[in-house]
There are 2 protein chains.
Amino acid sequence: MQELSLAEENYLKTIYHLSSAGQQQVSTNAIAQRLNTKPASVSDMINKLADKGVITHVKYQGVNITEEGKKIALHIIRKHRLWEVFLVNKLKFHWDEVHEIAEQLEHVKSPLLISRLDKFLDYPKYDPHGDPIPDEDGVISLKPRSILSELEIGTTCQLVSMKDTGDVFLNYLDKLGMKIGSKIRILDKIEYDGSMEIEIDHEKKVNISRQAADNLLVITE
Amino acid sequence: MQELSLAEENYLKTIYHLSSAGQQQVSTNAIAQRLNTKPASVSDMINKLADKGVITHVKYQGVNITEEGKKIALHIIRKHRLWEVFLVNKLKFHWDEVHEIAEQLEHVKSPLLISRLDKFLDYPKYDPHGDPIPDEDGVISLKPRSILSELEIGTTCQLVSMKDTGDVFLNYLDKLGMKIGSKIRILDKIEYDGSMEIEIDHEKKVNISRQAADNLLVITE
DNA sequence: CCTGTTTTTTAGATTAACCTAAATTTATTA
DNA sequence: TAATAAATTTAGGTTAATCTAAAAAACAGG
Ligand SMILES: [Mn+2]
Ligand SMILES: [Mn+2]
Ligand SMILES: [Mn+2]
Ligand SMILES: [Mn+2]
């Protein structure tokens with residue numbers, strides 16, 4: 001995998017995001033807008049990235065990211081999202097404060113650092129915004145999400161998002177120590193009212209109502 | 001405090017290190033050697049840094065770092081050393097693997113990040129190489145080091161280095177879970193043989209011999 | 001399907017951080 | 001102390017990443 005400069009990495013990541021959002025073909029103007037640069041600067045960079053084989057380009061017709069480019073972009077995205085998890089879960093930042101810092105941290109180069117960080121964070125699958133974290137090979141395994149209340153006793157899963165995003169509910173989850181990325185094991189389900197006894201992050205055991213469990217989206221591992 | 005570029009930060013840090021090692025005046029060649037650049041490049045950068053007021057320079061006579069420059073340099077060094085502590089204590093890197101990574105991480109800009117990291121690491125005073133970590137104001141409080149065996153019962157201190165650096169001793173400490181930066185509280189001293197009962201990092205209680213305690217250098221807080 | 005508007009590229013500059021080679025200053029030592 | 005050697009600076013150039021202004025191509029509405 002090639003070594004790209006910081007600027008090249010930011011361009012490539014932006015092109016990846018734009019191409020997986022809209023339809024492949026990414027326009028010069030769209031890139032310029034995202035990166036707060038001028039279209040002329042983008043044209044320059046497009047040539048450089050095309051020379052390196054991470055995108056293809058037909059004059060006046062936008063760019064496409066190549067397989068190699070996609071792999072590199074996903075590797076940067078992996079680093080970005082892992083650092084975001086670190087900032088929120090370990091350093092206690094709020095999820096809306098971490099993007100800019102991760103934007104810097106994602107460029108740190110070290111073969112070992114990210115795998116150690118991944119382990120330290122206990123191999124999270126989603127970042128604090130609920131976006132999936134690609135694996136070491138750049139693969140995003142977007143397993144279908146389940147509603148917590150529908151899972152069986154004994155199942156282990158990871159919280160990925162909430163249906164109800166109201167303050168009251170989020171505060172309640174906060175009090176329980178539950179956040180996106182938390183590992184949940186279902187210890188028991190009470191037939192009477194549908195409430196559940198669960199274990200959060202291998203440490204805390206709590207009871208949650210049927211109503212709460214209906215609003216928690218998780219993936220099973 | 002000014003915003004310096006990555007290259008400027010590396011130059012300034014190098015100048016600080018060279019000037020606090022030898023006598024103030026730092027030569028162009030010495031800087032070039034440290035940074036693996038050419039003297040001509042150093043001359044360029046010297047002008048830039050002098051313009052910004054972080055060093056002073058008299059042609060053909062080397063540079064001196066100013067008070068402002070010192071403060072900035074110490075701030076970068078603080079970040080470098082805190083990241084080193086993170087890499088060793090949290091990500092389980094060995095102390096001789098972390099320098100290059102910290103060399104990159106030290107340049108991440110965020111007002112909050114470092115104070116949160118400092119807290120997360122429990123306000124370490126020394127990095128994994130035994131070098132002191134400057135505080136937020138860039139002050140290094142190099143308290144005199146004591147020998148553990150000479151402290152009183154009830155004292156809390158932090159391990160900063162070992163007199164005996166032989167493998168056997170270091171392995172023994174490793175087994176006890178004791179490393180540079182560990183907090184040690186003296187629970188009891190046995191008059192009979194001078195051995196001590198201590199608590200390591202607020203969790204583990206162990207007994208160490210007089211001989212071991214004689215070889216542990218600590219600072220009291 | 002022509003023509004005005006938008007998009008994209010090209011041309012030409014600038015700034016930061018380097019370099020080599022040559023000039024200049026300082027240091028050494030015969 | 002004069003000349004040789006070493007250190008430092010200057011001159012001139014390169015590459016990466018940006019910009020403005022102008023040219024060229026594509027698009028779109030009548
Ligand atoms: Mn970035
Ligand atoms: Mn995110
Ligand atoms: Mn550095
Ligand atoms: Mn160190």
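No experiment lies behind these values; they were computed from the predicted model shown. In what follows, every chain begins at residue 1, and chains take the letters A, B, ... in the order their sequences are listed.
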[atom1] of [X] versus [atom2] of [N]: gap in Å, rounded?
X	N	atom1	atom2	answer
B/E8	C/dC18	CD	P	10 Å
B/I46	D/dT8	CD1	P	8 Å
A/L6	D/dT18	CG	C1'	14 Å
A/K38	C/dA13	NZ	P	20 Å
A/L4	D/dT15	CG	P	19 Å
B/Q33	D/dA6	CD	C1'	14 Å
B/N47	C/dA16	CG	P	13 Å
B/D44	D/dG13	CG	P	15 Å

Under 4.0 Å: is that the gap between some side-chain N or O of [X] and OP1 or OP2 of [N]?
X	N	answer
A/T28	C/dT9	yes
A/K59	D/dA24	no
A/N29	C/dT8	yes
A/H57	C/dT9	yes

**Report entry** Member of B/H107, B/H75, B/K79 meeting the side-chain hydrogen bond (donor to acceptor under 3.5 Å, both in side chains) criterion with B/E9
**Finding:**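 In the set B/H107, B/H75, B/K79, the residue that makes a side-chain hydrogen bond (donor to acceptor under 3.5 Å, both in side chains) with B/E9 is B/H107.
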Requested in this report: Return the 5'-most residue of the pair B/Q61, A/S5 with respect to DNA chain D, ranking by each residue's nearest nucleotide.
Outcome: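 In this pair, the answer is B/Q61.
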**Report entry** Side chain proximity check, B/V85 to B/K125, heavy atoms < 4.5 angstrom
**Finding:** no
Report task. Measure the acute angle between the ring planes of B/W83 and A/W83, then classify it against the limits of 30° and 60° as parallel, tilted or perpendicular. Result -> perpendicular
Query raised in the report: Do B/H129 and B/D131 have side-chain atoms, one donor and one acceptor, less than 3.5 Å apart?
Result: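 Short answer, no.
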Query raised in the report: Looking for any heavy atom pair under 4.0 Å, which part of the strands does B/A7 touch: base, sugar-phosphate only, or nothing?
Result: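 Touches sugar-phosphate only.
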Between [options], which nucleotide has the shortest distance from any of its atoms to the side chain of [X]?
X	options	result
A/S27	D/dT9, D/dT20, C/dT8	C/dT8
A/S41	D/dC19, C/dT20, D/dA25	D/dC19
B/Y60	D/dT18, D/dT9, C/dT8	D/dT9

Requested in this report: Mark yes or no: B/K90 above the aromatic ring of A/F86, with NZ or CZ under 6.0 Å from the six-membered ring centre and no more than 45 degrees from the axis.
Outcome: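 Cation-pi check for B/K90 and A/F86: fails.
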